[in-house]
Colleague: 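Sharing a structure below in structure tokens format, with a few things to ask.
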Amino acid sequence: PPPPPPPPFQAEDGIRDNIPSLVGSEMCIRDRARAAFRQEADILRRLDHPGIVRPRALEAAGTPPFLVLEWLSGTSLDRVLAGGKAMVSIEALLPPLLEAVDHVHAAGFLHRDLKPGNVQLLGDGRPVLIDFGAALAIDAAASPKQTGQATPGYGAPEQYSDDGREGPWTDVYGLAAIAYRILAGTAPTPAARRIAGEASVPAAEAACGMAPSPVLAAIDRALELDPAMRPRSIAEFSRTLSIAWGGSSEAILPEPAKPAITATARPAADNYPPTEEVTRIKPPSRRRPLRLDPVPPSRPAPAPGLSLIHI
């Protein structure tokens with residue numbers, strides 16, 4: 001039988017104010033898993049933002065090793081979307097997520113696994129980023145490796161390519177994929193399949209009428225296969241979205257007044273694949289950079305009731 005889990009984390013004052021988040025499996029006993037726990041804990045200790053989960057304790061020498069994180073109330077974004085009975089507002093959800101990811105980048109790291117399952121929605125609807133197991137220092141992520149980690153539908157193309165160089169634009173892709181999932185009801189076509197030539201349905205078509213067309217166009221640009229065609233930073237992506245909503249060129253920031261979740265039916269939910277280790281592939285040679293499929297020239301007017309959140 002597997003060894004019993006370690007006892008619940010006790011605060012220094014003797015009050016148990018956090019329930020541990022434990023991870024244990026056969027792989028956890030390997031040295032690589034222990035090093036991964038230490039790396040994740042080290043990265044989290046360097047981050048201090050209300051939109052990012054906080055570490056409480058690390059026991060890398062245990063069997064299995066475990067990392068204790070702060071207890072977060074609420075539920076994950078993927079569970080909310082899978083329920084199909086709530087509408088998630090990207091106007092309310094994206095700004096605090098953008099700010100949290102920008103904080104990660106400013107500290108010198110990339111998250112590299114942004115997806116609905118790694119966004120915890122608190123009781124008041126505020127999102128918190130969790131699971132930094134794939135996170136890397138920006139300098140380290142810029143060097144292509146033989147293997148990497150990515151979640152189908154949310155992982156950027158450079159995470160699958162043997163010559164891909166990751167950077168802030170990689171997390172921009174992940175955030176845009178989350179927005180696409182919220183609006184279209186399904187994740188974008190996985191990047192590995194797009195690299196192989198499979199067509200991708202643009203947000204302007206898949207989510208037509210769910211947001212103003214300039215917003216959908218901004219999401220499509222952030223989902224370009226070619227990283228050079230995407231916004232190069234969170235600040236640039238924020239400015240693009242702000243302008244798309246009809247606001248100023250200033251980067252959008254969180255506004256807690258509007259709830260992120262309302263009780264309205266959503267499109268059918270899709271299944272959420274786990275993060276997987278991938279072997280990087282050599283993309284097919286093309287004369288032009290890989291691009292997202294062109295947006296159709298005309299679309300119906302956006303649905304009424306959508307407005308810009310001025311921060």
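This one's a predicted model, so the numbers in the text were calculated from it and none came from an experiment.
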Colleague: Drop me the distance from Gln120's CD to Ile130's CD1, to the nearest 0.5 angstrom.
Modeller: 5.5 Å
Colleague: Distance from Leu114 atom CG to Leu97 atom CG, nearest 0.5 Å?
Modeller: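 Result: 8.0 Å between the selected atoms.
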Colleague: Show your reasoning for whether side-chain contact (heavy atoms from CB on, under 4.5 Å) applies to Ser76 and Arg79.
Modeller: CA-CA 5 Å; Ser76 62; Arg79 287 179 179 269; 3.3 Å; yes
Colleague: Just by distance, do the side chain of Arg232 and the backbone of Pro227 share a donor-acceptor pair under 3.5 Å?
Modeller: yes
Colleague: What's the separation between atom CG in Leu94 and atom OG in Ser242, rounded to the nearest 0.5 Å?
Modeller: 12.5 Å
Colleague: Should Arg193 and Pro190 count as side-chain neighbours, where that means a heavy-atom distance under 4.5 Å?
Modeller: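 They are in contact (side-chain heavy atoms under 4.5 Å apart), so the answer is yes.
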Colleague: Looking at side-chain heavy atoms only, is the closest gap between Gln159 and Glu166 below 4.5 Å?
Modeller: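 The answer is yes, as the side chains (C-beta and beyond) meet within the 4.5 Å cut-off.
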Colleague: Look at the side-chain heavy atoms of Ile, Leu, Val, Met, Phe, Trp and Tyr, link any pair under 4.5 Å apart, and say whether Val172 and Ile138 land in one connected group.
Modeller: no
Colleague: Should Leu110 and Leu47 be counted in the same cluster of Ile, Leu, Val, Met, Phe, Trp and Tyr side chains packed under 4.5 Å apart?
Modeller: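 No; tracing contacts between hydrophobic side chains, which count when under 4.5 Å, never links both residues.
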Colleague: Quick one: does any side-chain atom of Arg221 pair with a main-chain N or O of Met229 as donor and acceptor, under 3.5 Å?
Modeller: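 Yes.
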Colleague: Where do Phe237 and Ala222 come nearest, in terms of heavy atoms and distance?
Modeller: CE1-CB, 3.7 Å
Colleague: Assess whether side-chain contact (heavy atoms from CB on, under 4.5 Å) is satisfied between Asp113 and Tyr154, documenting all intermediate values.
Modeller: CA-CA 7 Å; Asp113 195 21; Tyr154 300 94; 5.8 Å; no
Colleague: Before you tell me yes or no, could you show the steps for His105 and Ile234 under side-chain contact (heavy atoms from CB on, under 4.5 Å), namely the whole-Å CA-CA distance, both residues' side-chain angles and the distance that decides it to 0.1 Å?
Modeller: CA-CA 9 Å; His105 294 176; Ile234 294 298; 3.6 Å; yes
Colleague: Using a 4.5 Å cut-off on heavy atoms from C-beta on, say whether the side chain of Leu77 contacts that of Asn118.
Modeller: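 A side-chain contact under 4.5 Å is absent here.
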Colleague: Is a side-chain N or O of Ser89 found less than 3.5 angstrom from the main chain of Ala92, in a donor-acceptor match?
Modeller: yes
Colleague: Counting N and O atoms only, with roles assigned by atom type, does the side chain of Arg230 sit under 3.5 Å from a partner on the main chain of Trp169, one being a donor and the other an acceptor?
Modeller: yes
Colleague: Between Arg181 and Ala187, which heavy-atom pair has the shortest distance, and what is it?
Modeller: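 So the minimum-distance heavy-atom pair works out to CD-N, 3.7 Å.
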Colleague: Flag the pair Arg112 and Glu158 as a salt bridge only when some basic side-chain nitrogen lies within less than 4.0 angstrom of an acidic carboxylate oxygen.
Modeller: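 Judged by the 4.0 Å cut-off on N to carboxylate O distance, Arg112 and Glu158 do not form a salt bridge.
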Colleague: List the steps and the verdict of side-chain contact (heavy atoms from CB on, under 4.5 Å) for Phe109 and Leu136.
Modeller: CA-CA 6 Å; Phe109 301 101; Leu136 282 178; over 6 Å; no
Colleague: Side-chain contact test, heavy atoms from C-beta onward, threshold under 4.5 Å: evaluate it for Tyr180 versus Ile90 and give yes or no.
Modeller: no
Colleague: With rounding to the nearest 0.5 Å, note down the distance linking NZ in Lys115 to CG in Leu175.
Modeller: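 Answer for the NZ-CG pair, Lys115 versus Leu175, is 14.0 Å.
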Colleague: Salt-bridged, Arg46 to Asp42, with N to O below 4.0 Å?
Modeller: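 Answer for the salt bridge query: yes.
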Colleague: Do the rings of Phe132 and His111 sit parallel, tilted or perpendicular, given the 30° and 60° boundaries?
Modeller: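 Judged by the thresholds at 30° and 60°, the geometry between Phe132 and His111 is perpendicular.
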Colleague: Considering non-hydrogen atoms only, spot the tightest contact between Leu129 and Val101 and give its length.
Modeller: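 Heavy atoms of Leu129 and Val101 come nearest at CD1-CG2, 3.7 Å.
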Colleague: Any non-hydrogen side-chain atom of Glu70 less than 4.5 Å from a side-chain atom of Leu72?
Modeller: yes
Colleague: Taking NZ, NE, NH1 and NH2 as the nitrogens, is one of them in Arg45 or Glu40 under 4.0 Å from a carboxylate oxygen of the other?
Modeller: no
Colleague: For residues Leu44 and Val53, determine if any side-chain heavy atom of one lies less than 4.5 Å from a side-chain heavy atom of the other.
Modeller: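 In short, these two side chains touch, coming nearer than 4.5 Å.
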Colleague: So, do Ile52 and His103 sit near enough that their side-chain heavy atoms are less than 4.5 Å apart?
Modeller: yes
Colleague: Count I, L, V, M, F, W, Y as connected when their side-chain heavy atoms are under 4.5 Å apart, and connections chain through other members. Are Val119 and Leu98 then in the same cluster?
Modeller: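 Hydrophobic grouping puts Val119 with Leu98.
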Colleague: Looking only at heavy atoms, which two atoms of Pro168 and Ser233 are closest? And how far apart?
Modeller: CB-CA, 4.2 Å
Colleague: For Asp48 and Arg54, work out which heavy atoms get closest and say how close.
Modeller: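 For Asp48 and Arg54, the tightest heavy-atom pair comes out as OD1-NH2, 3.2 Å.
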Colleague: Does a side-chain heavy-atom distance below 4.5 Å link Leu216 with Leu183?
Modeller: yes
Colleague: Looking only at heavy atoms, what is the nearest atom pair of Pro50 and Val128, with distance?
Modeller: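 So the minimum-distance heavy-atom pair works out to O-CG2, 3.8 Å.
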